[in-house]
Amino acid sequence: MADEINTTEAPVEAQDAGQDQGNRGNRGGRGGRGGGERGDRGGRGRDGNRGRRDDRRNNEEQGEELIEKLVHINRVSKTVKGGKRFGFAALVVVGDGKGRVGFGHGKAREVPEAISKATASAKKAMIRVPLKEGRTLHHDGNGHFGAGRVTVRSAPQGTGIIAGGPMRAIFESLGVADVVTKSVGTSNPYNMIRATFEALGEQTSPKSVAQRRGKKIADLLGRGGSQTAEADAAAVTE
């Protein structure tokens, strides 16, 4: 009888244990599915936001065509145990050709990555420069940075861009067609560009001066003895 009792009770206990394990497994499976659903929802949210940001960035880049000019690339090397490790530094000027320009520099192990970093930095640091008739500067200006000193002057139509090196890249990206420049003191492209941007940052237009002083543009232009002050004032757009 004892053998019969043992043989009959043992399968029942095994069945109960199997059911308990199955229930726990089902609960764990449901929890796993729930976690998976939550993970999917979270993944969809993150991926969706990233996709929307990429779309906005692409739309901004497509809506605004920028002129990118590579000014200088510097290669440096570091001697390590296995040999030499090279790095690159890029200097880039970016402009829209309509009065906005900026510069930036980036460093990386590869040239394309350094250029992309410099371009992104230049786009974030763009400034607006008022242009006369959309082709030249309103007045002369001076700028200096370190040992670099530059002079920029407005020029009549047909003069062209009389500038060399990094300064030419700035005015071509800015959209200036007629300008005369001179750089003395250094040929370092970094110092030349910073000095040029200091000179461009001091540029003002008759419209901004008239607004600041509470006067009309014709009144400011007429003080120099101009007989066509009103016509000149009507031609001033910035």
Side-chain angles (χ1 to χ4, degrees), residues 62-72 91-104 119 122-123 125-145 148-238:
Q62 293 176 1
E64 184 180 14
E65 296 182 358
L66 299 178
I67 302 173
E68 301 176 3
K69 291 187 176 295
L70 178 62
V71 177
H72 181 70
L91 179 61
V92 175
V93 173
V94 174
D96 62 352
K98 300 178 183 178
R100 295 179 65 231
V101 68
F103 78 98
T119 303
K123 291 179 181 179
M126 294 181 70
I127 63 173
R128 177 168 294 279
V129 180
L131 300 180
K132 181 180 179 181
E133 300 175 358
R135 60 171 185 83
T136 187
L137 303 177
H138 281 284
H139 57 83
D140 302 347
N142 297 316
H144 68 89
F145 185 89
R149 296 180 181 274
V150 300
T151 300
V152 295
R153 302 187 65 181
S154 59
Q157 188 173 4
T159 303
I161 301 177
I162 301 179
M167 299 179 68
R168 172 175 287 274
I170 292 175
F171 290 110
E172 289 179 351
S173 303
L174 182 61
V176 174
D178 304 300
V179 68
V180 178
T181 67
K182 181 64 177 179
S183 173
V184 296
T186 184
S187 59
N188 187 332
Y190 289 88
N191 291 343
M192 290 177 64
I193 283 185
R194 286 188 172 92
T196 305
F197 269 83
E198 182 178 342
L200 294 177
E202 297 176 355
Q203 289 288 316
T204 57
S205 64
K207 183 177 181 180
S208 62
V209 174
Q211 291 177 351
R212 185 170 63 250
R213 298 178 60 185
K215 296 182 177 293
K216 296 182 179 180
I217 301 177
D219 297 339
L220 299 179
L221 299 179
R223 290 190 175 186
S226 175
Q227 301 297 328
T228 60
E230 295 182 358
D232 295 340
V236 173
T237 58
E238 292 189 358

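Just so you know, these numbers come straight off a predicted model, no measurement behind them. We use all heavy atoms of the structure for the numbers below, so side chains are in, but hydrogens, waters and symmetry mates are not.
- You'll find the side chain of His72 stays beyond 4.5 Å of the side chain of Pro166, heavy atoms only.
- Between Val94 and Ile67 there is no side-chain heavy-atom pair separated by less than 4.5 Å.
- The side-chain hydrogen bond (donor to acceptor under 3.5 Å, both in side chains) check on Thr151 picks up Asn142, with sequence neighbours excluded.
- Applying the salt bridge (Lys or Arg N to Asp or Glu O under 4.0 Å) test to residues at least two apart or on different chains, none of the pairs has a partner in residues 192-201.
- With rounding to the nearest 0.5 angstrom, the CZ atom of Arg212 is 6.5 Å from the OG1 atom of Thr204.
- Of the inter-residue distances, the one linking Leu91 atom CG with Ile193 atom CD1 reads 4.0 Å to the nearest 0.5 angstrom.
- The line from CZ of Phe145 to OG1 of Thr186 is 11.0 Å long, rounded to the nearest 0.5 Å.
- The list of ring-ring contact (aromatic ring centres under 6.0 Å, His included) pairs with a residue in residues 191-212, not counting sequence neighbours, reads Phe103-Phe197.
- Side-chain contact check for Leu131 versus Leu174: some heavy-atom pair is nearer than 4.5 Å.
- Applying the ring-ring contact (aromatic ring centres under 6.0 Å, His included) test to pairs two or more places apart or on separate chains, none has a residue in residues 150-170.
- A distance of 9.0 Å separates CD in Glu68 from OG in Ser173, rounded to the nearest 0.5 Å.
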Pair up each side-chain donor or acceptor in residues 177-184 with any protein partner under 3.5 Å, not counting sequence neighbours, and list the distances.
unit_1, atom_1, unit_2, atom_2, d
Asp178, OD1, Gly158, N, 3.2
Asp178, OD1, Thr159, N, 3.1
Asp178, OD1, Gly160, N, 2.9
Asp178, OD2, Arg135, NH1, 3.1
Thr181, OG1, Ile162, O, 2.9

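- Residues forming a ring pair (Phe, Tyr, Trp, His ring centres under 6.0 Å) with Tyr190 (at least two apart in sequence, or on another chain): none.
- Once rounded to the nearest 0.5 Å, the distance linking CD1 of Ile170 with OG1 of Thr196 reads 4.5 Å.
- Nearest heavy atoms, Thr136 versus Ser154: OG1-CA, 3.5 Å.
- To the nearest 0.5 Å, the span separating CG on Leu66 from NZ on Lys98 amounts to 10.5 Å.
- Residue pairs that meet the salt bridge (Lys or Arg N to Asp or Glu O under 4.0 Å) test with at least one member in residues 152-173, sequence neighbours left out, are Lys69-Glu172, Asp140-Arg153, Arg168-Glu172.
- Considering every non-hydrogen atom in both Pro130 and Ser205, the closest pair reads CB-CB, 3.8 Å.
- Within the structure, no pair that satisfies the ring-ring contact (aromatic ring centres under 6.0 Å, His included) test touches residues 160-188, not counting sequence neighbours.
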